[in-house]
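Notes follow once the structure below has been shown.
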Amino acid sequence: MFTVRIQQDDFDPGAELERLHRGDLGAGGIATFIGLVRDLNLGDRVQGLTLQHYPGMTEKAVNAIVDEARQRWPIQGALVVHRVGPLAPGDRIVMVAVSAVHRGESFAACEFIMDYLKTRAPFWKKEQTPDGPRWVEARDGDQAAAKRWVD
Amino acid sequence: MFTVRIQQDDFDPGAELERLHRGDLGAGGIATFIGLVRDLNLGDRVQGLTLQHYPGMTEKAVNAIVDEARQRWPIQGALVVHRVGPLAPGDRIVMVAVSAVHRGESFAACEFIMDYLKTRAPFWKKEQTPDGPRWVEARDGDQAAAKRWVD
Amino acid sequence: MARIRLLLFGRYQDDLDLAQAELELPDRVTDVARLREWLSARDAAWEGICGAANPRLMTAVNQQMADATTPIGDGDEVALFPPVTGG
Amino acid sequence: MARIRLLLFGRYQDDLDLAQAELELPDRVTDVARLREWLSARDAAWEGICGAANPRLMTAVNQQMADATTPIGDGDEVALFPPVTGG
């Protein structure tokens with residue numbers, strides 16, 4: 001099963017995993033990543049986060065990333081759920097899960113999707129800090145991580 | 001939180017994830033792998049699987065693997081739950097989850113723990129097939145995967 | 001005369017205090033590079049975002065990632081935004 | 001005279017139809033290599049598992065992974081098993 005969802009509401013990782021591989025007895029494993037709001041960034045306390053996105057483009061961009069993962073690896077299923085709107089420290093932001101026959105492929109495709117989400121999907125984070133709100137800057141490390149997959 | 005459990009019973013991945021990072025607002029993400037019983041192996045139908053282990057040594061070996069991951073990466077928490085006994089196709093076998101400040105470290109440590117579980121923890125799988133039971137042979141690919149981490 | 005819908009996201013939305021606008025383009029503005037040039041001439045804030053001194057500006061045309069040579073025509077939706085930071 | 005507890009797992013447990021045994025070791029059997037040699041002399045089935053022709057045999061002494069040079073003494077728990085296949 002291949003699923004992409006963009007939503008304000010929280011999600012239930014256990015239920016999402018269950019749905020991903022229900023009825024698929026050929027999958028040997030599922031690699032998953034769940035991104036969380038940290039209470040600290042660049043040394044400053046983070047009181048909350050607002051995730052802005054580009055409605056209309058977001059789903060297309062994320063689906064394109066999942067399609068590229070499917071072309072690269074023989075994966076059985078993939079799930080991407082990404083939240084938007086206001087979030088608090090400890091909240092889930094994103095979940096990516098990939099099922100495959102062998103674990104190496106599920107790990108690779110899961111990490112690929114995360115790296116591309118971080119650099120090619122239209123989301124922007126604005127943090128609330130004790131000094132006021134600030135837009136989160138893109139990390140060079142994320143660009144470098146995404147570049148690994150190009151060769 | 002660091003947890004290692006060996007058990008016959010199934011586990012609830014959502015509840016395990018929740019417990020892993022509850023109260024830890026510093027974690028930016030959790031990488032997870034869940035291994036499942038496939039209904040097909042080496043071209044033969046698999047009707048079930050029995051996981052044998054070495055009681056007493058198993059927990060020590062798995063804890064040593066987690067300790068080595070902690071020495072290699074600055075991880076915030078890790079969970080390993082591994083089942084033993086009779087399992088059916090689609091059943092969960094193992095869950096490894098690692099929380100860290102940055103996703104690269106959680107992915108690396110999670111994959112490391114899986115690779116070492118596959119090559120250094122005393123578990124043995126016996127499959128039930130239409131032609132009778134057979135012990136699963138170690139895969140060369142698993143040895144190669146574990147060797148990646150040695151340099 | 002080409003009319004486009006312009007969208008701004010992230011920091012640029014705040015910098016220009018503008019989320020979206022309908023624009024009529026001069027005939028010479030036919031691709032992303034020329035749109036940036038034209039918008040840069042408006043004032044210092046636009047220049048800061050669309051000018052050549054900001055290599056980090058990302059653009060999408062009709063909800064697809066675009067580059068300097070992507071054509072722009074009547075009815076298109078063009079978005080300007082800083083590097084993305086989701087995930 | 002050293003007494004050890006010997007454990008077998010996986011395929012070897014079936015091959016020898018033996019899960020565990022208490023053994024009294026001759027004085028010359030003081031490490032894993034010598035234990036393998038001594039057990040190989042029992043019969044063809046033991047030779048198949050403990051003999052030099054089986055480089056894949058894994059051993060643990062007192063529940064720690066061991067190699068050919070790991071010492072074995074009175075009261076030790078020694079396990080013989082094929083490559084592991086969990087996970």
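The structure displayed is predicted, hence computed values, not measured ones. Throughout, a chain's letter reflects where its sequence line sits, starting with A, and its residues are numbered from 1.
Ring pair B/F33/A/F107 is parallel by interplanar angle, where below 30° counts as parallel and above 60° as perpendicular.
Looking at B/D24, neither its backbone nor its side chain comes within 4.5 Å of chain A, counting heavy atoms on both sides. Both the backbone and the side chain of B/V101 come within contact range of chain A, judged by heavy atoms closer than 4.5 Å. Interface remark: A/D115 contributes backbone and side-chain atoms alike to the contact with chain B (heavy atom separation under 4.5 Å). Contact of B/S99 with chain A is not made at all, since no heavy-atom distance falls under 4.5 Å. Interface residue B/R139: only side-chain heavy atoms are found under 4.5 Å from chain A. Only the side chain of B/L17 comes within less than 4.5 Å of a heavy atom in chain A; its backbone stays farther off. In this structure, no portion of B/E16 lies under 4.5 Å from any heavy atom of chain A.
Legend: residues meeting ring pair (Phe, Tyr, Trp, His ring centres under 6.0 Å) with B/H53, ordered by chain and number and at least two apart, are absent.
Note that the CZ atom of B/R38 and the NE2 atom of A/H102 stand 5.0 Å from one another [nearest 0.5 Å].
Heavy-atom pairs under 4.5 Å with chain B were tallied for A/G35, A/G14, A/G28, A/P89; the largest tally goes to A/G28. In terms of non-hydrogen atom pairs under 4.5 Å with chain B, the most contact-rich of A/P13, A/A97, A/S106, A/G26 is A/G26. The choice from A/A15, A/C110, A/G23 that makes the most heavy-atom pairs within less than 4.5 Å of chain B is A/C110. Of the listed residues (B/L40, B/I93, B/D142), the greatest number of heavy-atom pairs within a distance under 4.5 Å of chain A belongs to B/D142.
In terms of heavy atoms, A/A145 sits closest to B/R103 at CB-NH2, 4.0 Å.
No more than 12 heavy atoms of other residues, nucleotides or ligands shown are found within 6.0 angstrom of CZ on B/R70. Counting non-hydrogen atoms of other residues, nucleotides and ligands closer than 6.0 Å to CZ of B/R72 gives a total above 12.
B/T32 is not listed as a side-chain neighbour of A/I34, based on a closest heavy-atom distance of 4.5 Å or more.
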